[in-house]
Amino acid sequence: MKDIPSRYNPKETEEVLYSQWEKKGLFRSKPDPSRKPFTIVIPPPNVTGILHMGHALNNSIQDILIRWRRMQGANALWVPGTDHAGIATQNVVERKLRGEGRTRQELGREEFIKEVWKWREEHGNTIINQLKRLGVSCDWQRTRFTMDEGLSDAVMEAFERLYDKGLIYRGNYIINWCPRCQTALSDEEAPHIDTEGKLYYIRYPFKKAQGFPQLRSGQARLKAQGVVVATTRPETMLGDVAVAVNPKDRRYKKFIGKKLILPLVGREIDIIADDFVDKKFGTGAVKVTPAHDPNDFEISKRHSLEPVKVMAPDGKMNKNAGRFAGMDRFLAREAILRELKETGLLVKTEKHQHAVGHCYRCHTLIEPYLSFQWFVKMRPLAGPAIEAVKTGKVKFYPKRWTKVYLNWMENIRDWCISRQIWWGHRLPVYYCKNCTKQANELTVDSSPRTKTSLVRGRQLTEKNKGVMVSKVKPERCPECGATDIYQDEDVLDTWFSSWLWPFSTLGWPEKTRDLEYFYPTSTLVTAPEILFFWVARMIISGLEFMKEVPFKDVYLHGTVRDLTGKKMSKSLGNVIDPIDIINEFGSDALRYSMIAITATGQDVFLSREKFEIGRNFANKIWNASRFVLMNTNLSKAKPWTQSVQGLALADRWILSRLTRTVESVTKALDNYRFNEAESIAYDFFWHDFCDWYLEMAKPILADSVERIADRRKITELVLLYVLENSLKLLHPFMPFVTEAVWQNIEERGSIMTEKWPKPDRSLINKEAEKNIELIQSVIISIRNIRSDMNIPHTAMLTVYIVPLKKDGCGKLEEGSEHIKRLARAEKLIIEKTSKKPAQCATAVLEGFNIFVSLEGVIDFKAEKARLRKKMEDIDIKLKFVNKRLKDDNFIKKAPEKIVSMEKEKAARLKEQKDRLKKTLESL
RNA sequence: GGGCGAUUAGCUCAGCUGGUUAGAGUGCUGCCCUCACAUGGCAGAGGUCACUGGUUCAAGUCCAGUAUCGCCCACCA
């Protein structure tokens, strides 16, 4: 044991221990009816991703839970895996190809997909390996990937079932279109970002033939010349099909039904009336562009107007844009504005703040775009998911997320699930070439889409001739028998596979033993960013496909930010790489620090220095353990049991404190209060165990005299007992250092499989706690004097302690050795009869006077100043208490317990004050 | 426009159901390399708990409002 280094070296230990754990199969778990399961599924990270601090926090928390429950005897299973991250991965591989001078179009779909798989073979394990460095105890043999065979089958199954129930439909709607990724996106994938834009006022002239007043000069002429509309996206005007005004708007009433000429295009459009139009915004007249704006699309349906698309999928203007065709949307905007200006039709330009959608993968400005896509009808699915949370079958921690969840669920909108990319699950939809000539003519279902009813259409079954939904390619069309069948080109939204994760990873749709035993999972730990994307949808799918919630608790931790409050992201360059931190400080340090600074659900503000907290603590654990191991004779050390007799005061105290610590750490974990659990364990270990108990134990361990052989043995047993239990408490938080120490204690198994300490209430000893507290305060006040009076540390003191009560001596007797040693007192005289020595400093404690002899060195001035200050402190408190006690209301209304407590306090303070006063006078 | 969170020591933050003297880490000051640990030990200074009002015997804690910062949601072009 002597060769244990005085520095904990995480680098040398972590990797070795981790592979040890893995080799022994300690992370593995399989159904076992005799034990209760505790199951967590990992929020699958993006397969192209690398570990960032959010992952580090997320996985630290999950690992704490899993290790803790495992120690508690649960059959703990943690299922890891990654998702295929369709768009992100495709983008990455495309970028790589571009570097090689190739494009995916050149390769073709099949070859491209091969490239992606190749890429995933090479890089897909990066994040998994990084997670391992964190020390997480996942059952790696169960690692899943959303594109695996089993999970793909689950996706197909889910699609089929929903389609058969009429919950999946397709139709022509305005969706979020990313012109860069060239795919549709769900609403969640197109977050609105406040943007400084411009509002352009454009005049649409009347059609002259209508016989409006003859043109006159000046303003009047202009006014008569047409209607001014306001728009933020002038390029879309080429696709205008009408101008809408509010039917109640007096300014425009007379124009309703009249015709305008669409500038630059020359097309005739109507002025129509629609309630949607806000009289107060802009000019009160709206250009209607059904193919490029969701509201306009709704208006157009109400007025049976044909949409005109003016943009191609790549964001360039199409042939409907006439001479602007081929121009990029933003260049077209400029060109159009230029022409409008030249013709005098651009009335004015205003600055305008508005929120516009951006692609969550590439941040490109989203184009609302009319497109034929597949949707999941969410409203019927949302009902049970709302119910499950309202009835508490699923609980959120912290609670406030419940409201956010319900609010979203209650206003849920249909989910666009088709993506025009190649990497992902191809839709299990097949078409009969023969029959779909009709299918292509499917008309838009015109169910109303208002603020309260956002269902985007009804079943189109009766119109879906020649459309076959099937896991495998049908041989012939059931309608016409033709064999010319082709599959839909689109793939599904990645979240359409992720939302099945809690059960697809356990074998669904097969009825596996795993599924039966481990589902529903216990706790989901995740970041609020994906509450809607993932959490909410998992609840929906769990209830739909399993008829049971996917998890009982959802713990939402904060977002990791840098010190300025910004989200950590690569593009901002404010990233702290967890792997760097692990290399520099160790995994335990990373984990401990992350949790320490993360209050329940609060965002985390990170800086490098914060990891020193964990590093220092790991080192403290290491060294305290080192001390214990160097000073205990292991071969004789049997585990401490209650039967051990002759415990000294300090022993009784530390065992009592340990018991309380076990209780409160467990309770904190039960309530997902991780930082609290950690700090309780930290305080106990560092401040009770190291600062006091170890110090009290030192003389016993150092003294080899025969007479204390028994004491020594007992001390060793207690030391080991407390150390072992502390290590167990700390293990979920700092798995490596605790394991490293554990294995140094003796030839033994892993701490991972040890039992979580159970609090033994019979060890709680209030008397010992009180007594040690008293001894601590005696020691502290002597140290205080030493420091205040500038007494060198090497000087040994003579201390008189004078109890004011009869039994006072007894209280201190057991602790006198501690006082001597920890206050560095050579002579300690505890006598009721002692008189105050001539030259001394005084401390006043509850029930005791303490005199520190300073023969020859007493500085009366300093001593007086010191005592005065103490007295002032007491005086302030006393005044406050007395004021309270004089308050009739307080005496009458406050609980008796509180009142008597206050009274005692007042008496105590008064007594101390008097004693101080006397001492001061005597100086 | 709606919702949520934050505001406590120089800095970063805890403080759950109101009740002894409001805590920690870090930084600062002084003293110590004392035989586990200087990634350490001992002692100390530092707070009108954002502001205003209210409820209460009692408010950092509960309620209302104000201010500042931040986040999320939302089809006003």
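Quick note on labels: first sequence line is chain A, next is B, and so on, each numbered from 1. Just the heavy atoms: all of them, side chains too, but no hydrogens, waters or symmetry mates, feed the values below. Please read these numbers as outputs of a predicted model, since none were measured by experiment.
- Nucleotides B:G3 and B:A43 have their C1' atoms positioned 49 Å apart, rounded to a whole Å.
- Contacts of A:Arg884 with the nucleic acid, taken as non-hydrogen atoms under 4.0 Å apart, include base atoms.
- For the 3.5 Å distance criterion, the side chains of A:Glu678 and A:Asn675 fail to qualify, holding no donor opposite an acceptor.
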Detail all sub-3.5 Å separations between protein N/O atoms and N/O atoms belonging to nucleotides 41-48 of chain B.
residue	atom	partner	partner atom	Å
B:G41	OP1	A:Lys620	NZ	3.3
B:G41	OP1	A:Trp686	NE1	2.5
B:C42	O3'	A:Arg783	NH1	3.2
B:A43	O2'	A:Ser787	OG	3.1
B:G44	OP1	A:Asn784	ND2	3.1

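- Figure legend. B:U29 is base-paired to B:A43; pairs are counted as Watson-Crick or G-U wobble with both atom distances under 3.5 Å.
- Summary of the strand contacts: A:Gly284 and A:Leu694 both lie near RNA chain B, and taking for each the nucleotide with the nearest heavy atom, the more 5' one is attributed to A:Leu694.
- Nucleotide B:A24 is matched to B:U12 when pairs are restricted to Watson-Crick or G-U wobble geometry with both distances under 3.5 angstrom.
- Backbone-only contact: A:Thr231 has heavy atoms under 4.0 Å from sugar-phosphate atoms and none from a base.
- Among the heavy atoms of the strands lying under 4.0 Å from A:Ala355 is at least one base atom, whether or not backbone atoms are also near.
- Checked for salt-bridge contact, A:Lys198 and A:Glu350 miss the test: no charged N lies under 4.0 Å from a carboxylate O.
- Contact annotation: A:His352 reaches the phosphate of B:A77 (side-chain N/O to OP1 or OP2, under 4.0 Å).
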*Are A:Lys395 and A:Thr402 close enough, and set up right, to give a side-chain hydrogen bond (donor to acceptor under 3.5 Å, both in side chains), and what steps lead you there?*
CA-CA 8 Å; A:Lys395 288 199 186 80; A:Thr402 312; over 6 Å; no
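- Residue A:Lys698 is classed as a base contact, given a heavy-atom separation below 4.0 Å to a base.
- B:C71 is paired with B:G3 under the Watson-Crick or G-U wobble criterion, all donor-acceptor distances under 3.5 Å.
- Nearest nucleotide to the side chain of A:Tyr682, out of B:G25, B:C37, B:C16: B:G25.
- Contact annotation for A:Phe532: backbone-only contact, meaning every heavy-atom pair under 4.0 Å involves sugar-phosphate atoms and none involves a base.
- With both pairing distances under 3.5 Å, B:U66 is matched to B:A50 as a Watson-Crick or G-U wobble pair.
- A sub-4.0 Å separation between OP1 or OP2 of B:G19 and a side-chain N or O of A:Lys897 is absent.
- Rounded to an integer number of Å, the gap from CD1 of A:Ile193 to C1' of B:C72 is 13 Å.
- Separation of the P atoms belonging to B:G5 and B:U61 is 16 Å when rounded to the nearest angstrom.
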*Does the pair A:Asp275 and A:Asn246 meet the rule for a side-chain hydrogen bond (donor to acceptor under 3.5 Å, both in side chains), with working shown?*
CA-CA 5 Å; A:Asp275 284 328; A:Asn246 192 292; 4.9 Å; no
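- Between B:G44 and B:G27, the two C1' atoms lie 14 Å apart (nearest whole Å).
- Contacts of A:Phe276 with the nucleic acid, taken as non-hydrogen atoms under 4.0 Å apart, include base atoms.
- Using a 4.0 Å heavy-atom criterion, one finds that A:Ile898 contacts the bases of the nucleic acid, with or without backbone contacts as well.
- When heavy atoms are screened at a 4.0 angstrom cut-off, A:Pro792 is found touching no nucleic acid atom at all.
- Taking the ring axis of A:Phe627 as reference, the NZ or CZ atom of A:Lys698 stays within 45° of it and closer than 6.0 Å to the ring centre.
- In this structure, of B:A14, B:G15, B:U20, it is B:A14 that holds the atom nearest to the side chain of A:Asn675.
- At a threshold of 4.0 angstrom between heavy atoms, the contacts of A:Glu904 with the nucleic acid are absent.
- Searching all strands for a Watson-Crick or G-U wobble partner of B:C76 with both distances below 3.5 Å returns nothing.
- Screening A:Trp622, A:Phe736, A:Phe617 for a ring pair (Phe, Tyr, Trp, His ring centres under 6.0 Å) with A:Tyr8, the sole residue that qualifies is A:Trp622.
- Taking atom C1' in both B:U20 and B:U34, the straight-line distance is 36 Å, to the nearest Å.
- A parallel orientation is assigned to the rings of A:Phe684 and A:Phe689, their planes being inclined by less than 30° (bins at 30° and 60°).
- Pairing for B:G19 goes to B:C57, judged as Watson-Crick or G-U wobble with the two contacts each under 3.5 Å.
- Spacing of C1' atoms, B:C28 relative to B:A45, comes out at 8 Å, to the nearest Å.
- Nucleic acid contact class of A:Arg7 (heavy atoms, under 4.0 Å, all strands): base.
- In summary, the side chains of A:Thr559 and A:Glu529 do present a donor paired with an acceptor at a separation below 3.5 Å, with no hydrogens or angles considered.
- Going from the P atom of B:U17 to that of B:C63 covers 10 Å, rounded to whole Å.
- In this structure a side-chain-to-backbone donor-acceptor pair under 3.5 Å is missing from A:His354 to A:Glu196.
- Legend: residues meeting side chain to side chain contact (heavy atoms under 4.5 Å, CB included) with A:Ser6, ordered by chain and number and at least two apart, are A:Asn623, A:Arg626.
- In this model, the phosphate group of B:G40 is approached by a side-chain N or O of A:Asn616 to a distance below 4.0 Å at OP1 or OP2.
- A residue-by-residue look at A:Lys279 and A:Val881 shows that A:Val881 has its nearest nucleotide of RNA chain B further toward the 5' end.
- Comparing the P positions of B:G15 and B:G54 gives an interatomic distance of 28 Å, to the nearest angstrom.
- Taking atom C1' on both nucleotides, B:C51 is separated from B:C37 by 47 Å, rounded to a whole Å.
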